[in-house]
2 protein chains.
Amino acid sequence: MENESVAKSLKLFIVLSRAYKAINEHVNKVIQANGLNPTEFAVLELLYHKGDQPMQQIGGKILLASGSITYVVDKLEQKGMLKRIACPNDRRVTYAQITDEGKSFIQEIFPEHARQIHDLMSSLSDTEKDEAIHLLKKLGLPAGKF
Amino acid sequence: MENESVAKSLKLFIVLSRAYKAINEHVNKVIQANGLNPTEFAVLELLYHKGDQPMQQIGGKILLASGSITYVVDKLEQKGMLKRIACPNDRRVTYAQITDEGKSFIQEIFPEHARQIHDLMSSLSDTEKDEAIHLLKKLGLPAGKF
DNA sequence: TAATATTATCTCAATTTCAAAATTATTATA
DNA sequence: TATAATAATTTTGAAATTGAGATAATATTA
């Protein structure tokens with residue numbers, strides 16, 4: 001029956017939302033306890049792990065409007081966590097670059113961050129995690145392109 | 001190796017976030033195209049499907065701060081989608097109740113909403129959806145209680 | 001080359017959210 | 001019945017996010 005299949009999709013949407021929100025709520029608390037908000041942390045982590053990024057690409061990866069990027073980068077710059085670097089080739093472009101201070105911040109926070117996520121995921125076995133990763137990739141990748 | 005297991009948890013966290021955000025972004029667009037923001041829709045849908053709710057319980061179910069509930073309920077009341085009903089037993093509590101106008105709004109929107117979610121989930125077979133539901137429940141329920 | 005379109009960033013006003021304090025009502029206790 | 005503790009909602013002010021232009025640089029094309 002077609003209706004049952006739609007109901008199943010709705011059910012999946014609900015459990016997906018619940019799982020994400022429940023986990024995220026805890027993760028955000030640890031981040032905020034360290035003086036950053038979740039968006040700031042996401043930007044800083046991106047720069048730490050992926051290197052310098054043009055402002056716009058940050059928006060693409062973190063899913064943030066252009067006005068918000070300026071705001072967040074301002075905040076992080078004020079805190080000394082990153083600096084703006086003018087692009088030598090294209091004067092329209094500004095890179096965001098993590099500072100040494102930003103790096104040591106991430107280095108200090110990240111292990112606790114990772115450990116907490118690991119704890120929150122402990123209800124699944126490693127095999128189940130692999131299954132979940134597989135299914136969520138299969139679900140998320142096409143949805144991003146609609 | 002313990003580190004690999006932590007890395008797997010981080011990976012799962014990332015694909016979970018991506019999948020949720022990718023799907024949610026699309027869902028929110030349809031809702032906003034119909035003149036409500038996602039929070040307003042969530043409240044209205046809750047009242048439609050679960051009946052009258054005390055203000056505070058709305059916050060618990062939608063994961064919203066108490067101050068925000070007042071704001072959202074104000075908005076929906078202004079739009080004629082719900083009304084406040086004083087509780088006869090306890091004068092501290094106020095129920096939010098969906099109006100006929102709110103009901104027909106949901107009735108009009110919901111099929112499109114459900115159909116869109118179904119489309120966004122179409123990369124998984126029914127069996128895979130069942131597996132994903134199982135795993136996400138197992139993941140989300142304990143995380144909610146930490 | 002000049003005109004036009006596109007792109008990247010920023011500014012600004014409006015919206016949404018939260019956190020903390022204030023208000024009002026209920027319940028427990030002495 | 002006072003009094004204190006608890007609870008539900010609202011108010012207030014600040015922070016975060018968006019979307020719509022504004023500005024400036026680059027790319028395209030006639």
Side-chain angles (χ1 to χ4, degrees), chain A residues 17 21 24-44 46-47 52-79 81-97, chain B residues 17 21 24-44 46-47 52-79 81-97:
Chain A
S17 301
K21 286 181 188 170
N24 219 44
E25 193 190 6
H26 292 290
V27 170
N28 288 346
K29 271 187 191 143
V30 167
I31 292 170
Q32 282 167 328
N34 287 100
L36 292 192
N37 71 34
T39 309
E40 290 168 342
F41 182 79
V43 170
L44 207 57
L46 175 69
L47 298 181
D52 304 1
Q53 302 282 329
M55 302 279 287
Q56 212 194 23
Q57 301 214 16
I58 296 174
K61 296 190 182 165
I62 311 286
L63 218 56
L64 219 56
S66 74
S68 311
I69 306 162
T70 303
Y71 177 80
V72 179
V73 169
D74 282 351
K75 282 314 210 50
L76 286 169
E77 203 169 22
Q78 284 160 25
K79 292 177 183 173
M81 297 290 190
L82 63 74
K83 52 175 182 278
R84 285 172 158 91
I85 306 280
C87 172
N89 307 325
D90 188 335
R91 283 198 289 169
R92 293 170 306 178
V93 176
T94 306
Y95 287 95
Q97 181 178 70
Chain B
S17 302
K21 285 181 188 170
N24 220 42
E25 193 190 7
H26 292 290
V27 170
N28 288 346
K29 272 191 189 138
V30 167
I31 291 170
Q32 281 168 329
N34 287 99
L36 293 191
N37 73 34
T39 309
E40 291 169 342
F41 182 80
V43 171
L44 207 56
L46 175 70
L47 298 182
D52 304 0
Q53 303 281 331
M55 302 278 285
Q56 214 191 23
Q57 301 213 16
I58 296 174
K61 296 192 181 164
I62 311 287
L63 217 55
L64 215 57
S66 76
S68 311
I69 305 163
T70 303
Y71 175 81
V72 178
V73 169
D74 282 352
K75 284 312 213 50
L76 285 169
E77 202 169 23
Q78 284 159 24
K79 292 178 183 174
M81 298 289 191
L82 63 72
K83 50 175 182 275
R84 285 171 156 92
I85 306 280
C87 172
N89 308 325
D90 188 335
R91 282 198 293 170
R92 291 169 307 178
V93 331
T94 308
Y95 286 95
Q97 180 178 70

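Every chain is numbered from 1 and lettered A, B, ... according to where its sequence line falls, protein lines coming before strand lines.
- Phosphate proximity of D/dA16 to A/S68: absent, as no side-chain N or O sits under 4.0 Å from OP1 or OP2.
- Counting non-hydrogen atoms under 4.0 angstrom, A/T94 reaches the backbone sugars and phosphates but no base.
- Under 3.5 Å, the side chain of A/R92 and the base of C/dT7 form at least one donor-acceptor pair of N or O atoms.
- Both A/T39 and B/G67 lie close to DNA chain D; mapped to their nearest nucleotides by heavy-atom distance, the more 5′-ward contact belongs to B/G67.
- In this structure, the separation between CD1 on B/I69 and CD1 on B/I62 is 9.5 Å, given to the nearest 0.5 Å.
- Residue-to-nucleotide proximity on DNA chain D shows that, of A/Y71 and A/N89, the 5′-proximal contact is made by A/Y71.
- Look at CZ on A/F41: it is 16 Å from P on D/dA16, rounded to the nearest Å.
- Computed from coordinates, the A/Q57 CD to C/dA8 P distance equals 8 Å when rounded to whole Å.
- In summary, A/D52 and A/K83 do not engage in a salt bridge, as defined by a charged side-chain N under 4.0 Å from a carboxylate O.
- Between the CD atom of B/Q53 and the C1' atom of D/dT9 there is a distance of 16 Å, given to the nearest Å.
- The shortest side-chain heavy-atom distance between B/M81 and B/E40 does not fall under the 4.5 Å cut-off.
- Between the C1' atom of D/dT17 and the CG atom of B/N28 lies a distance of 13 Å, rounded to the nearest Å.
- The nearest whole Å value for the distance from the CG atom in B/N37 to the P atom in C/dA14 is 18 Å.
- Nearest-nucleotide mapping onto DNA chain C: of A/Q32 and A/Q56, the residue sitting toward the 5' end is A/Q56.
- Looking at heavy atoms from C-beta onward, B/L36 lies in side-chain contact with B/L76 at the 4.5 angstrom threshold.
- OP1 and OP2 of C/dT24 both lie 4.0 Å or more from every side-chain N or O belonging to B/R91.
- Heavy atoms of A/L64 sit under 4.0 angstrom from primed sugar atoms or phosphate atoms, though from no base atom.
- If you measure from atom NZ of A/K79 to atom P of D/dA16, you get 7 Å, rounded to the nearest angstrom.
- When atom types are taken as modelled, the side chain of B/K79 and the backbone of B/G35 share a donor-acceptor pair closer than 3.5 angstrom.
- Within the 4.0 angstrom heavy-atom criterion, base atoms lie near A/S66.
- Whole-Å rounding puts the A/I85 CD1 to C/dT9 P distance at 14 Å.
- In this structure, B/Q78 atom CD and C/dT15 atom C1' are separated by 13 Å, rounded to whole Å.
- In terms of phosphate contacts, B/K75 brings a side-chain nitrogen or oxygen within less than 4.0 Å of OP1 or OP2 of C/dT16.
- Residue A/D90 places its side chain closer to D/dT26 than to any other of D/dT26, C/dA8, D/dA8.
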